[in-house]
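First the structure, in the form of structure tokens, and then the observations on it.
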Amino acid sequence: MAVVKDRPDTLLEISDLTMSFGGIMAVSQLALKVLTGEIYSIIGPNGAGKTTLFNCISGIYKARAGSIKFEGQEILGMPPHKIARLGIARAFQNIELFRGMTVLDNLMSSREHLLNYGLFSAALHFGRCSNQEEKCRDRVEDIIELLDLQKFRNTHVGALSYGIQKRVELGRALTMEPKVVLVDEPVSGMNLEETEDMARYILDINEEMRITVVLIEHDMRLVMDLSDRVAVLNFGLKIAEGRPEEIAKDPEVIRAYLGESKN
Amino acid sequence: MGDKFQTSYKADMALFQTLWVKVWLGIFAASLIVCPYFLSQYQLGILNEISIAVIGALGLNLLIGYTGQISLGHGAFVAIGAYTTALTSAYWGLPFVVTLPLSGVMAALLGMIVGVPALRLKGLYLALGTLAFGFIVEYVLFHWDLIQGDMGMAVKRISIGGYEIRTERDHFYCLTAFAVLATLCSKNIIRSKIGRSFIAIRDRDIAAEAMGIPLAKYKVMAFGVSSFYAGIAGGLLAHYQKWIVPGSFDLSLSVTYIAMIVLGGLGTILGSVLGAVLITSIPHGIVYTTDLVKDTYPVLGSLIVDLKVGIFGLIVVLALLFEPQGLAGIYRRVKLYWKTWPFRY
């Protein structure tokens, strides 16, 4: 279980969020609160609007109505890179790594906003640029160590297996030094061992790095074991929210997942 | 062997890491310094053309190869650099140390202006947009009275601190120095956050944005840096040729630069250099070969103009068919082979 303060603050507050594609309501009137320091999971059948919700938070989709507040600041309508710079990192479901780069460069690439030097300094690689790059590398190495990526450091990401690529994807979100990381199906298509590793990493991120985690996942065991709270979406609507043990017993949730019995 | 293991991140991030690399670079530098004493004026002239082409190709590769923004207007930026040099030195009498940076900055400013609409264009549409810019520049060059249109403009020789560069050999040292500096700078840019952002935009622009990389800033910057290189190349070209006409900056120049980076290897610094060397020397090579055999096959002499174009095209097509990664790809493979020799892997 995560380290949650006695009276945790709201980190991310979503209210009345509505997003539609043509006639399809992907997310409708959605409201949820993510507290600082928790692991908050979002589950639901395929097409329930989970990834759409993430895309709305990161600003990739512009929601039609509603509000998304991060640390009290309205972020709906902000461009994606500004949202990211506020401290909202994203690990994509379908791997979206920069394929022309090595693992190391992928992890360094997301620290653009933490490096403060100009074109001139970069072209000459003098003082400021060189020093900052070195410090940046030092921080990236911490993440490499955390995720056991040492031996892949200088490998091009295209040459890596699916499981490792997923790990790099998570790493690239972490090197941004975010306050919250949105993780989209980190263990889909992984075997039991890889799943266990990933569960360990997510707990480490939450407990050691004190990063709030919002997780989308279909693996129920992972969700039930890791989460502080769980929200269930179906057809764009939130049908339940609560602690994992409550969710498992919720009749509405069981109906959404297993269908209704005739008798 | 003190350089076998790196003990700091600084050492691991250094540009020239192993002793071997340093030795080879030392040999290369030494041969550059002594080669003017062994080569003919004509051969030095080819090398000087190559140096200028290297600078232009490096710039275009930053834009197309690294940032993934196609441009068919690179020749226009070379023209802007060349004419800025010509105008500022002829009419205002500014010295070389001022006109050359000014040429780069002028091209960069216009490049950034072209880059702004490019934020909304991708792929073929961007190619068309930059092509249109090229035509506009060409039109202006032909019709602006101040620069005498088709008549062309005379440009003074380069003079640095009272020393005027006259001979091919002096030009060789000067132009090679600029080419080396340009190569080092683009290598540095690529290994900085700017280079990583360029590549991120090329590979996955949506993910790049979600990682906090401002797309607009870096796309405009890529256009700016690329045009700056083109402007510098243009300025040097103007001084070197001493006479510039608008006709030499048409679409075919842009296409030649694209051929250089595609043939050399997109998204590699080495590729920009090798491509510039190859594309610049092919026409000279063809002339040289036909000269050799002209006594045996006198008919070749009259065909030379057609042959030049045909063989040039053939080489480019064959290279693309058999080595899509360009010359840099061949180099990488050969290096890998010798690294593990005599074992397969």
Side-chain angles (χ1 to χ4, degrees), chain A residues 54-55 58-60 79-92 95-101 104-106 108-126 129-138 140-141 153-154 157 169 172-173 175-176 178 182, chain B residues 6 8-15 17 58 62 65-68 104 108 112 119 181-218 220-222 224-225 228-229 266-268 325 332:
Chain A
F54 270 16
N55 280 338
S58 342
I60 295 168
H81 71 268
K82 285 203 175 137
I83 295 174
R85 282 156 178 251
L86 289 176
I88 304 181
R90 175 86 188 264
F92 290 91
I95 296 160
E96 304 273 350
L97 292 170
F98 308 127
R99 296 182 68 87
M101 292 187 207
L104 186 62
D105 281 340
N106 262 285
M108 302 268 279
S109 69
S110 61
R111 293 177 69 85
E112 193 273 342
H113 61 296
L114 299 168
L115 292 164
N116 182 28
Y117 56 79
L119 178 63
F120 193 69
S121 173
L124 299 176
H125 203 82
F126 273 160
C129 169
S130 161
N131 289 337
Q132 289 195 13
E133 285 285 317
E134 203 182 332
K135 284 201 191 94
C136 171
R137 173 73 188 270
D138 201 39
V140 166
E141 287 294 333
R153 202 182 275 130
N154 293 315
V157 288
E169 178 80 46
R172 189 181 59 173
T175 46
M176 279 181 69
L182 313 176
Chain B
Q6 274 106 20
S8 73
Y9 294 137
K10 208 173 194 94
D12 194 37
M13 284 155 43
L15 210 48
Q17 291 192 349
L58 283 167
L62 285 177
Y66 283 103
T67 323
M112 275 147 62
L119 297 175
L181 186 68
T183 311
L184 286 176
C185 282
S186 50
K187 187 84 192 167
N188 280 338
I189 290 174
I190 287 312
R191 65 189 178 129
S192 74
K193 69 164 188 175
I194 295 164
R196 290 193 295 267
S197 302
F198 284 173
I199 300 172
I201 290 170
R202 177 194 71 189
D203 286 353
R204 285 258 192 261
D205 52 355
I206 292 177
E209 243 186 326
M211 296 304 134
I213 297 169
L215 292 193
K217 178 183 161 189
Y218 282 103
V220 170
M221 192 189 277
V225 175
F228 183 84
Y229 271 82
L266 285 170
T268 59
Q325 291 196 313
R332 216 176 293 139

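Since we're looking at a predicted model, the values are computed, not measured. Quick note on labels: first sequence line is chain A, next is B, and so on, each numbered from 1.
Under the rule for a salt bridge (charged side-chain N to carboxylate O under 4.0 Å, His left out), the partners of A/Glu169 that lie at least two apart in sequence or sit in another chain are A/Arg172. In terms of the salt bridge (charged side-chain N to carboxylate O under 4.0 Å, His left out) criterion, B/Arg202 has no residue partners (sequence neighbours excluded).
No other option in A/Leu97, A/Ile88, A/Ile83 has as many heavy-atom pairs under 4.5 Å with chain B as A/Leu97. Of all the listed residues (A/Gly100, A/Pro178, A/Ser130, A/Cys129), the one sharing the greatest number of non-hydrogen pairs under 4.5 Å with chain B is A/Gly100. Looking only at heavy-atom pairs under 4.5 Å with chain A, the residue among B/Met221, B/Lys187, B/Arg196 that has the most is B/Arg196. Chain B forms the most heavy-atom pairs under 4.5 Å with one residue out of A/Gly118, A/Ser109, A/Ser58, and that residue is A/Ser109. Ranking A/Lys82, A/Met176, A/Gln132 against chain B, the residue ahead of the rest is A/Met176, based on heavy-atom pairs under 4.5 Å. For the set B/Gly224, B/Gly267, B/Ala208, the entry with the most heavy-atom pairs within less than 4.5 Å of chain A is B/Ala208.
Both the backbone and the side chain of A/Asp138 come within contact range of chain B, with heavy atoms under 4.5 Å apart. Interface residue A/Ile95: only backbone heavy atoms are found under 4.5 Å from chain B. For A/Leu115, the parts sitting under 4.5 Å from any heavy atom of chain B are the backbone and the side chain alike. Heavy-atom distances place the side chain of B/Tyr218, and not its backbone, under 4.5 Å from chain A. A/Met108 touches chain B through backbone and side chain together, each having a heavy atom under 4.5 Å away.
In terms of heavy atoms, B/Ala207 sits closest to A/Phe98 at CB-CE2, 4.0 Å. Smallest separation of non-hydrogen atoms from B/Glu209 and A/Ala84: O-CB, 4.1 Å. Nearest heavy atom pair, residue B/Ile213 against residue A/His81, reads O-CB, 3.6 Å. In terms of heavy atoms, A/Arg85 sits closest to B/Gly212 at NE-O, 2.9 Å. The two residues A/Ala123 and B/Asn188 make their nearest non-hydrogen contact at O-ND2, 2.9 Å. The two atoms that bring B/Ile194 and A/Leu119 nearest to each other are CD1-CA, 3.6 Å, heavy atoms only.
Rounding to the nearest 0.5 Å gives a distance of 8.0 Å between CE of B/Met211 and OG1 of A/Thr175. Remark: B/Ser197 OG to A/His113 NE2 distance equals 11.5 Å, nearest 0.5 Å. A distance of 11.0 Å separates OG of B/Ser192 from CG of A/Leu124, quoted to the nearest 0.5 Å. Once rounded to the nearest 0.5 Å, the distance linking CZ of A/Arg111 with NZ of B/Lys193 reads 12.0 Å. Taking CD1 of B/Ile199 as the start and CZ of A/Arg99 as the end, the distance is 14.5 Å to the nearest 0.5 Å.
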field: Derivation of the side chain to side chain contact (heavy atoms under 4.5 Å, CB included) call for A/Phe92 and B/Arg204
entry: CA-CA 12 Å; A/Phe92 290 91; B/Arg204 285 258 192 261; over 6 Å; no
message: Apply side chain to side chain contact (heavy atoms under 4.5 Å, CB included) to residues B/Arg191 and A/His125 and explain how you reach the verdict.
response: CA-CA 9 Å; B/Arg191 65 189 178 129; A/His125 203 82; 3.2 Å; yes
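The 12-atom threshold is exceeded at CG of B/Leu119, counting heavy atoms of other residues, nucleotides or ligands nearer than 6.0 Å.
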